[in-house]
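Read the structure below first, then the notes.
The analysis underlying the following values was restricted to heavy atoms, covering all of them including side chains, and did not include hydrogens, waters or symmetry mates. Numbers here are sequence positions counted from 1.
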Amino acid sequence: MSFASTGFAAYLASRRSVPSRYLGEPGPDAVTLDAILTMAARVPDHGKLEPWRFVVIIGEARLRLGTEAAALRARIEPDTLPEQVEKDREQFASAPVVVAVVSKPAPHAKIPEWEQVLSAGAVCLNMLHAAEAHGFGAQWLSGWPCYNPEARALFHLSGDEQIAGFIHIGTPAQRMPDRGRPDVAALTTHIES
């Protein structure tokens with residue numbers, strides 16, 4: 001059976017993220033979330049290093065982490081506008097499940113760190129596809145907590161671990177219109193001889 005006959009090609013041709021503010025209950029239950037994470041992990045992984053891991057944020061932890069991130073931002077950037085601090089406080093509150101995909105590349109004699117980081121990015125995209133395959137909407141977000149060492153500590157990161165993205169998963173409140181897409185022809189170079 002080809003991808004075209006299964007509808008996968010049609011899905012990829014129309015895929016789009018659902019903004020996290022439009023993702024509500026219900027979210028995936030524990031069994032479904034495990035299936036989504038299992039599917040997300042089926043990515044190119046040179047050397048089978050598994051240079052990524054997951055931090056699942058659910059329930060009250062979403063509000064607590066948002067509050068802690070907002071307080072941290074207000075402390076380290078005292079000139080931050082109150083509306084931005086409030087946005088930080090609410091950043092994990094909409095979608096019922098948020099998964100931090102943690103990139104954890106390690107030195108390796110044959111496998112460059114860059115390939116390991118790309119593998120973590122592939123996990124993020126695969127998780128969007130897996131959420132959709134299970135009937136949910138999802139959005140891959142980043143933001144300053146991905147890059148600030150104190151903020152990363154809120155998510156139990158260690159050493160040189162980085163947050164590749166926060167994947168927000170839930171039930172879409174509405175169907176999202178498409179947006180403008182890249183001109184692929186303008187972005188493509190052919191080397192033919």
Side-chain angles (χ1 to χ4, degrees), residues 1-20 22-59 61-62 92 94-143 145-147 152 155-172 176 178 181-182 184 187-188:
M1 185 177 288
S2 72
F3 282 137
S5 65
T6 64
F8 187 60
Y11 159 71
L12 287 178
S14 62
R15 192 214 72 79
R16 72 148 300 150
S17 295
V18 178
S20 63
Y22 296 117
L23 294 171
E25 296 287 351
D29 60 22
V31 171
T32 305
L33 181 59
D34 184 61
I36 289 170
L37 297 178
T38 300
M39 292 169 88
R42 292 187 66 96
V43 294
D45 176 12
H46 187 185
K48 301 179 208 166
L49 301 177
E50 299 171 3
W52 26 259
R53 65 183 182 89
F54 306 114
V55 176
V56 176
I57 307 162
I58 56 175
R62 297 173 303 132
F92 306 115
S94 296
V97 174
V98 180
V99 179
V101 176
V102 178
S103 173
K104 54 180 195 91
H108 193 280
K110 295 182 180 178
I111 302 165
E113 180 178 315
W114 175 238
E115 289 185 18
Q116 298 176 55
V117 171
L118 290 172
S119 184
V123 168
C124 292
L125 182 57
N126 243 20
M127 195 175 305
L128 298 181
H129 297 321
E132 181 79 21
H134 283 86
F136 296 100
Q139 186 178 28
W140 174 1
L141 295 173
S142 57
C146 293
Y147 309 108
R152 289 196 317 262
F155 303 94
H156 306 284
L157 272 63
S158 61
D160 293 330
E161 292 183 329
Q162 298 282 330
I163 297 173
F166 294 106
I167 311 300
H168 299 247
I169 305 171
T171 299
M176 303 307 300
D178 204 1
R181 297 294 170 173
V184 174
L187 300 170
T188 304

Quiz item: Which heavy-atom pair separates Arg152 from Tyr147 by the least distance, and what is that distance?
Solution: NH1-O, 3.1 Å
Quiz item: Under the 3.5 angstrom rule, does the side chain of Gln139 hit a backbone N or O of Ser20 as a donor-acceptor pair?
Solution: yes
Quiz item: Nearest heavy-atom pair of Ile163 and Cys146: which atoms, and what distance?
Solution: CG2-SG, 3.6 Å
Self-check item: Beyond-backbone contact of Val99 with Leu33, side-chain heavy atoms, under 4.5 angstrom
Solution: yes
Quiz item: What closest approach, in Å, do Arg62 and Ala95 show between heavy atoms, and which atom pair accounts for it?
Solution: NH1-O, 2.8 Å
Exercise. Evaluate the criterion salt bridge (charged side-chain N to carboxylate O under 4.0 Å, His left out) for residue pair Lys104 and Glu50; output intermediate values, then yes/no.
Key: CA-CA 8 Å; Lys104 54 180 195 91; Glu50 299 171 3; over 6 Å; no
Self-check item: Exam field: side chain Glu132 to backbone His129, donor-acceptor pair closer than 3.5 Å
Solution: no
Exercise. For the residue pair Ser119 and Trp52, confirm or rule out a side-chain donor-acceptor distance under 3.5 Å.
Key: yes
Quiz prompt | Spacing of His108 atom NE2 and Glu115 atom CD [to the nearest 0.5 Å] | solution = 10.5 Å
Quiz item: How far does CG of Leu128 sit from CZ of Arg16, to the nearest 0.5 angstrom?
Solution: 12.0 Å
Quiz item: Is there side-chain contact between Phe166 and Phe92, with at least one heavy-atom pair below 4.5 Å?
Solution: yes
Practice problem: Evaluate whether atom CG of Leu49 has more than 12 neighbouring non-hydrogen atoms of other residues, nucleotides or ligands under 6.0 angstrom away. | Solution: yes
Quiz item: How close do Pro26 and Thr171 get, heavy atom to heavy atom, and via which atoms?
Solution: O-OG1, 2.5 Å
Exercise. List the atom of Leu157, the atom of Gln162, and the distance in Å for their closest heavy-atom pair.
Key: CD2-C, 3.8 Å
Quiz item: Looking at side-chain heavy atoms only, is the closest gap between Phe136 and Thr32 below 4.5 Å?
Solution: yes
Quiz item: Given side chains that start at C-beta, do those of Ser94 and Tyr22 come closer than 4.5 Å, heavy atoms only?
Solution: no
Quiz prompt | Point-to-point distance, once rounded to the nearest 0.5 Å, from CG of Asp29 to CG of Asp34 | solution = 10.0 Å
Self-check item: Derivation and outcome, side-chain contact (heavy atoms from CB on, under 4.5 Å), residues Val56 and Leu37
Solution: CA-CA 10 Å; Val56 176; Leu37 297 178; 4.2 Å; yes
Self-check item: 4.5 Å side-chain heavy-atom contact, Met39 and His134
Solution: yes
Quiz item: Would you say the side chain of Met127 lies within less than 4.5 Å of the side chain of Phe54, judging by non-hydrogen atoms?
Solution: yes
Quiz item: Does any non-hydrogen side-chain atom of Gln116 lie less than 4.5 Å from one of His46?
Solution: no
Quiz item: Which atoms form the tightest heavy-atom contact between Arg181 and Arg15, and what is the distance?
Solution: NH2-O, 3.5 Å
Exercise. Answer yes or no: is there a side-chain heavy-atom contact under 4.5 Å between Cys124 and Ile167?
Key: yes
